[in-house]
Amino acid sequence: MATELQERVWKKLKQIPQGKVVSYAELARAVGNAQAVRAVASAVGKNTKLITIPCHRVVRSDRSVGKYAKGEKKKIALLKKEGVRITDGKVDRESFVNL
DNA sequence: GCTCTGACGATTT
DNA sequence: GAAATCGCCAGAG
């Protein structure tokens, strides 16, 4: 089972459309814990259901892709494959979605 | 119940 | 502009 944070975070992750990404800060705000960005990030990291939950669509607020269980490079490749425009490791602003 | 840690953020050096 | 520092909340030991 999962903690309350994880359930909330994962639920938001599922709302992210393909080809779009969201920053941890935005995600934290979406779950109602704008200041708990660390806790939210941890919750995302606890995610093991990489198939059920598109945790790779979460990036950092400075537009860097951030980390990934399979590796950052894999994350970038996956995002680009979904239609997210990434330039030099930075996600394009147009690829960000507002929750 | 206290302490440490973390897929981060903003600020300062 | 990049690297280091402090601060934030939640979960685990």
Side-chain angles (χ1 to χ4, degrees):
Chain A
M1 289 302 289
T3 64
E4 301 286 324
L5 248 313
Q6 289 185 353
E7 290 186 39
R8 273 182 246 166
V9 172
W10 297 348
K11 193 171 183 179
K12 291 294 177 183
L13 289 182
K14 291 178 190 172
Q15 295 178 18
I16 305 174
Q18 186 182 43
K20 296 287 180 181
V21 294
V22 145
S23 64
Y24 285 95
E26 195 73 14
L27 181 61
R29 190 167 64 100
V31 297
N33 295 287
Q35 297 157 327
V37 47
R38 316 268 322 255
V40 173
S42 295
V44 177
K46 301 290 195 321
N47 169 37
T48 48
K49 313 289 183 187
L50 296 178
I51 303 155
T52 337
I53 299 165
C55 48
H56 58 273
R57 290 181 190 158
V58 189
V59 297
R60 291 186 57 154
S61 56
D62 59 330
R63 276 177 287 162
S64 40
V65 290
K67 288 195 180 178
Y68 187 56
K70 291 290 186 179
E72 305 177 32
K73 196 168 184 176
K74 200 81 177 184
K75 183 172 178 177
I76 296 173
L78 199 57
L79 288 172
K80 292 178 88 173
K81 194 174 183 180
E82 292 192 358
V84 179
R85 187 201 297 227
I86 301 178
T87 306
D88 192 44
K90 304 293 182 182
V91 182
D92 196 287
R93 295 190 181 86
E94 297 179 19
S95 300
F96 279 81
V97 63
N98 192 332
L99 296 176

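So that the names make sense, note that chain A is the first sequence line, chain B the second, and so on, each numbered from 1. Every value quoted in this text rests on a predicted model; they were computed, and no experiment measured them.
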Peer 1: Expressed as a whole number of angstroms, how long is the span from A/Gln6:CD to B/dA7:P?
Peer 2: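 Distance, rounded to whole Å: 13 Å.
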
Peer 1: Cut-off 3.5 Å, no hydrogens considered: what does the side-chain donor-acceptor table look like for residues 6-19 of chain A, sequence neighbours left out?
Peer 2:
none

Peer 1: When the distance from CG of A/Leu27 to P of C/dC9 is rounded to whole Å, what number comes out?
Peer 2: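 It is 17 Å, rounded to the nearest whole Å.
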
Peer 1: Whole-Å distance between B/dG9 P and A/Glu26 CD?
Peer 2: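 Between P of B/dG9 and CD of A/Glu26: 11 Å.
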
Peer 1: Taking OP1 and OP2 of B/dG9, is either one under 4.0 Å from a side-chain nitrogen or oxygen of A/Arg60?
Peer 2: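 Checking B/dG9 against A/Arg60, a side-chain N or O does come within under 4.0 Å of OP1 or OP2.
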
Peer 1: Rounded to whole angstroms, how far apart are CG on A/Leu78 and P on B/dA7?
Peer 2: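 Taking atom P of B/dA7 as the reference, CG of A/Leu78 is at 19 Å.
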
Peer 1: If only side-chain N and O atoms of A/Ser42 are considered, is one of them under 4.0 Å from the OP1 or OP2 phosphate oxygen of C/dA10?
Peer 2: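 Indeed not, no polar side-chain atom of A/Ser42 lies that close.
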
Peer 1: When you check the gap from the basic side-chain N to the acidic O, do A/Lys20 and A/Glu82 get nearer than 4.0 Å?
Peer 2: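 No salt bridge links A/Lys20 with A/Glu82.
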
Peer 1: Given B/dG9, B/dA7, C/dA12, which nucleotide is nearest the side-chain atoms of A/Val37?
Peer 2: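 In terms of side-chain proximity for A/Val37, the closest of B/dG9, B/dA7, C/dA12 is B/dG9.
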
Peer 1: Return the value, rounded to whole Å, for the distance between atom OH of A/Tyr24 and atom C1' of B/dG6.
Peer 2: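 These atoms are roughly 11 Å apart.
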
Peer 1: Is any side-chain N of the basic residue among A/Lys90 and A/Asp88 closer than 4.0 Å to the acidic one's carboxylate O?
Peer 2: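 Answer for the salt bridge query: no.
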
Peer 1: Base, sugar-phosphate alone, or nothing: which one does A/Ala39 contact when heavy atoms must sit under 4.0 Å apart?
Peer 2: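 Base, at least one base heavy atom under 4.0 Å.
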
Peer 1: Let me check something: any side-chain donor-acceptor pairs from residues 24-39 of chain A under 3.5 Å, sequence neighbours excluded? List them with distances.
Peer 2:
residue	atom	partner	partner atom	Å
A/Glu26	OE2	A/Arg29	NH2	2.6

Peer 1: When you measure from the side-chain N and O atoms of A/Ser23 to the phosphate of B/dG9, is any distance below 4.0 Å, counting only OP1 and OP2?
Peer 2: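 Result: no.
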
Peer 1: Which one of A/Val59, A/Val91, A/Val21 satisfies the side-chain contact (heavy atoms from CB on, under 4.5 Å) criterion with A/Ile86?
Peer 2: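 When side-chain contact (heavy atoms from CB on, under 4.5 Å) is applied between A/Ile86 and each of A/Val59, A/Val91, A/Val21, only A/Val91 qualifies.
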
Peer 1: Starting at atom CD of A/Gln35, determine the distance to atom P of B/dT11, rounded to an integer number of angstrom.
Peer 2: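 After rounding, the reported distance stands at 14 Å.
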
Peer 1: From C-beta outward on A/Leu5, which listed nucleotide comes closest to its side chain: B/dG9, C/dA10, B/dA7?
Peer 2: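 Looking only at side-chain atoms, A/Leu5 lies closest to C/dA10.
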
Peer 1: What nucleotide, of C/dA10, B/dA10, B/dA7, holds the atom closest to the side chain of A/Tyr68?
Peer 2: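 Looking only at heavy atoms from C-beta outward on A/Tyr68, the closest nucleotide is B/dA7.
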
Peer 1: Just the rounded figure in Å: distance from P of B/dA7 to NZ of A/Lys70.
Peer 2: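 Taking atom P of B/dA7 as the reference, NZ of A/Lys70 is at 17 Å.
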
Peer 1: Ignoring hydrogens and geometry beyond distance, is the side chain of A/Arg38 in donor-acceptor contact with the base of C/dG7 at under 3.5 Å?
Peer 2: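 When only heavy-atom distances are counted, A/Arg38 does reach the base of C/dG7 through a donor-acceptor pair under 3.5 Å.
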
Peer 1: Could you give the CD-to-P distance, from A/Glu4 to C/dG11, as a whole number of Å?
Peer 2: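 A/Glu4 atom CD is separated from C/dG11 atom P by 8 Å.
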
